[in-house]
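Structure record follows, encoded as structure tokens.
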Amino acid sequence: MTPVKRVEPVETSPTSDSHLAHTYHPLPVTIATGEGAWVTDVDGKRYLDCLAAYSAVNFGHGHPGLIAAAKAQLDRVTLTSRAFNNDRLDAFVDALAALAHKDMVIPMNTGAEAVESGIKVARAWGYRVKGVADGMANIIVANGNFHGRTTTIIGFSDDPSAKDGFGPFTPGFRSVPYGDSAAIEAAIDGNTVAVLLEPIQGEAGVVIPPAGYLPSVREITSRHNVLFIADEIQSGLGRTGATFQCDNVGVVPDLYLLGKALGGGIVPVSAVVGDAAVIGVLRPGEHGSTFGGNPLAAAVGSAVIELLRTGEYQERARTLGAHLSSLLTGIDGVVAVRTAGLWAGIDIDPALATGREVCERLMARGVLAKDTHGSTIRLAPPLVVTEDELTWAVEQLRAVLAELQH
Ligand SMILES: *Cc1c(COP(=O)(O)O)cnc(C)c1O
């Protein structure tokens with residue numbers, strides 16, 4: 001058991017009389033508008049958005065095609081609940097299944113709900129198909145994971161700030177070192193129903209596993225009749241230069257968990273995508289969501305898939321990512337860089353500054369980025385950013401690190 005730390009409440013809101021719960025420590029910027037890769041604050045100052053809402057805004061702020069799809073749907077019907085069918089949902093799930101080369105979709109809203117849904121599918125599949133004794137199923141996860149904020153999900157996190165003080169936790173999860181497929185195989189027993197992994201660990205600092213890891217996990221899970229669930233909520237839908245990061249390593253998981261960019265930066269849209277042999281274990285009444293699969297979400301989600309079908313954004317992420325990666329080599333004050341497509345984790349020399357301090361100074365120079373742990377920052381600009389804008393953003397990073405060295 002981890003002892004519960006007593007933490008003094010901290011004032012993190014911009015004004016002392018704010019009614020906003022102190023669950024975030026945002027940079028002191030208040031955004032009023034956004035267009036493409038840029039946002040403007042309430043004082044009219046412009047910033048290059050190098051976070052893109054954790055990749056939920058992959059297609060840029062106010063993408064004209066996505067906004068048009070949302071506006072058109074606003075005038076038709078926005079919410080029906082799943083008690084009735086709506087005329088947008090079938091087209092959305094058909095397109096999403098085709099994009100993923102799978103045949104069944106559970107539409108949900110947030111990423112955490114997709115993860116929870118994947119866990120329920122895996123357990124039900126374990127009992128009804130694999131033949132695991134009732135209540136005995138276990139799922140293997142990786143150290144350093146981030147899968148969301150519900151009580152079940154934080155129970156298998158190893159980040160104390162995510163879980164301390166929120167127990168008791170849901171049993172049935174085993175955590176092993178990330179990047180080590182032998183550790184996964186050693187943890188599998190007859191009751192293991194799934195291995196749940198991020199193909200790249202985003203929140204951990206864009207941690208990219210060794211090249212053979214995911215193929216090896218695929219081979220091991222297939223051999224042991226265990227589902228492989230890929231949480232592509234942040235890595236998927238263009239960010240890494242492919243539709244799915246799994247594509248980049250030649251792996252096909254049993255279930256994709258999708259979210260973030262699926263909502264086009266407009267509405268929360270998430271999904272579990274897999275085959276009927278797995279997802280088909282769920283029966284009417286066993287799972288659901290009031291908002292999941294609503295017509296507005298389905299219309300926006302369909303428009304997002306339309307953008308991804310051309311491959312244009314994946315290609316941009318590859319080309320711009322190569323540019324970003326070359327810009328980030330040999331910067332004084334940077335001790336390590338990890339890039340995957342247009343996604344970078346940058347470890348700053350901890351003797352120089354925390355990631356937070358670097359982000360505050362970047363902000364003063366018109367670049368919005370986000371620290372992760374310690375002295376790591378991440379860059380994930382919208383995929384509509386230009387090469388020149390990236391060059392300029394990295395110049396600002398260089399300048400910040402030069403300032404800090406004096
Ligand atoms: C953001 C994220 C989630 C949770 O998504 P929410 O929409 O915030 O609930 C889950 N998994 C990964 C990998 C994520 O990046």
Side-chain angles (χ1 to χ4, degrees), residues 21 23-24 26 51-58 106-122 139 141-159 161-163 166 170 173 175 178-179 194-209 214 217 228-240 242-246 248 253 255-273 289 291-294 297 300-301 304 338 340-345 370-373 376 378-380 382:
T23 51
Y24 278 85
L51 181 64
Y54 306 91
S55 291
V57 186
N58 274 359
I106 308 174
M108 298 295 287
N109 310 284
T110 65
E113 286 176 309
V115 175
E116 291 277 353
S117 305
I119 290 168
K120 284 177 70 176
V121 166
I139 293 175
V141 299
N143 299 349
N145 70 71
F146 180 85
H147 296 287
R149 298 290 195 169
T150 64
T151 47
T152 286
I153 292 170
I154 60 166
F156 55 82
S157 163
D158 52 20
D159 176 356
S161 64
K163 76 187 294 187
F166 302 119
T170 309
F173 297 92
S175 193
Y178 187 64
V195 172
L196 166 63
L197 295 173
E198 296 156 88
I200 290 175
Q201 289 189 329
E203 298 305 300
V206 192
V207 175
I208 302 167
L214 296 170
V217 171
F228 180 8
I229 307 177
D231 179 348
E232 294 248 22
I233 290 165
Q234 198 166 159
S235 59
L237 310 185
R239 175 58 54 191
T240 66
T243 302
F244 305 108
Q245 171 58 15
C246 283
N248 281 332
L255 298 176
Y256 292 102
L257 308 180
L258 303 175
K260 293 205 165 99
L262 192 56
I266 299 175
V267 281
V269 185
S270 71
V272 180
V273 186
S289 159
F291 289 89
N294 71 73
V300 171
V304 163
R338 297 167 295 279
L342 194 54
W343 200 14
K370 176 76 174 85
D371 52 303
T372 55
H373 303 279
T376 299
R378 93 187 89 181
L379 300 180

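One-based numbering, in listed order, for ligands and for the atoms of each. Remember, it's a predicted structure, so these values are computed and weren't measured experimentally. Quick note: numbers below take in every heavy atom, side chains included, and nothing from hydrogens, waters or symmetry partners.
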Identify every side-chain donor-acceptor pair in residues 261-268 under 3.5 Å, counting partners at least two apart or on other chains, and give the distances.
none

Which residue is it: R239, E203, Q245, E198? I am looking for the one with a side chain to side chain donor-acceptor pair (under 3.5 Å) to Q234.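 Result: among R239, E203, Q245, E198, E203 is the only option passing the side chain to side chain donor-acceptor pair (under 3.5 Å) with Q234.
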
How far does CD1 of I208 sit from OH of Y178, to the nearest 0.5 angstrom?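 Rounded to the nearest 0.5 Å, the CD1-OH separation comes out at 9.0 Å.
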
With a cut-off of 6.0 Å (strictly less than), are more than 12 heavy atoms of other residues, nucleotides or ligands near CZ of F291?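 No, the 6.0 Å shell around CZ holds no more than 12 heavy atoms from other groups.
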
Does the side chain of S289 come under 3.5 Å of the side chain of N109 through a donor N or O and an acceptor N or O?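 Present: a donor and an acceptor within the cut-off.
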
From the options L197, N145, L257, L255, select the one residue that forms a side-chain contact (heavy atoms from CB on, under 4.5 Å) with D231.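 Checked L197, N145, L257, L255 against D231; only one passes side-chain contact (heavy atoms from CB on, under 4.5 Å): L257.
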
Compile the protein residues with any heavy atom at a distance under 4.0 Å from an atom of ligand 1; present them by chain, then by number.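 Ligand 1 is contacted, at a heavy-atom distance under 4.0 Å, by T110, G111, A112, F146, H147, G148, E198, D231, I233, Q234, K260.
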
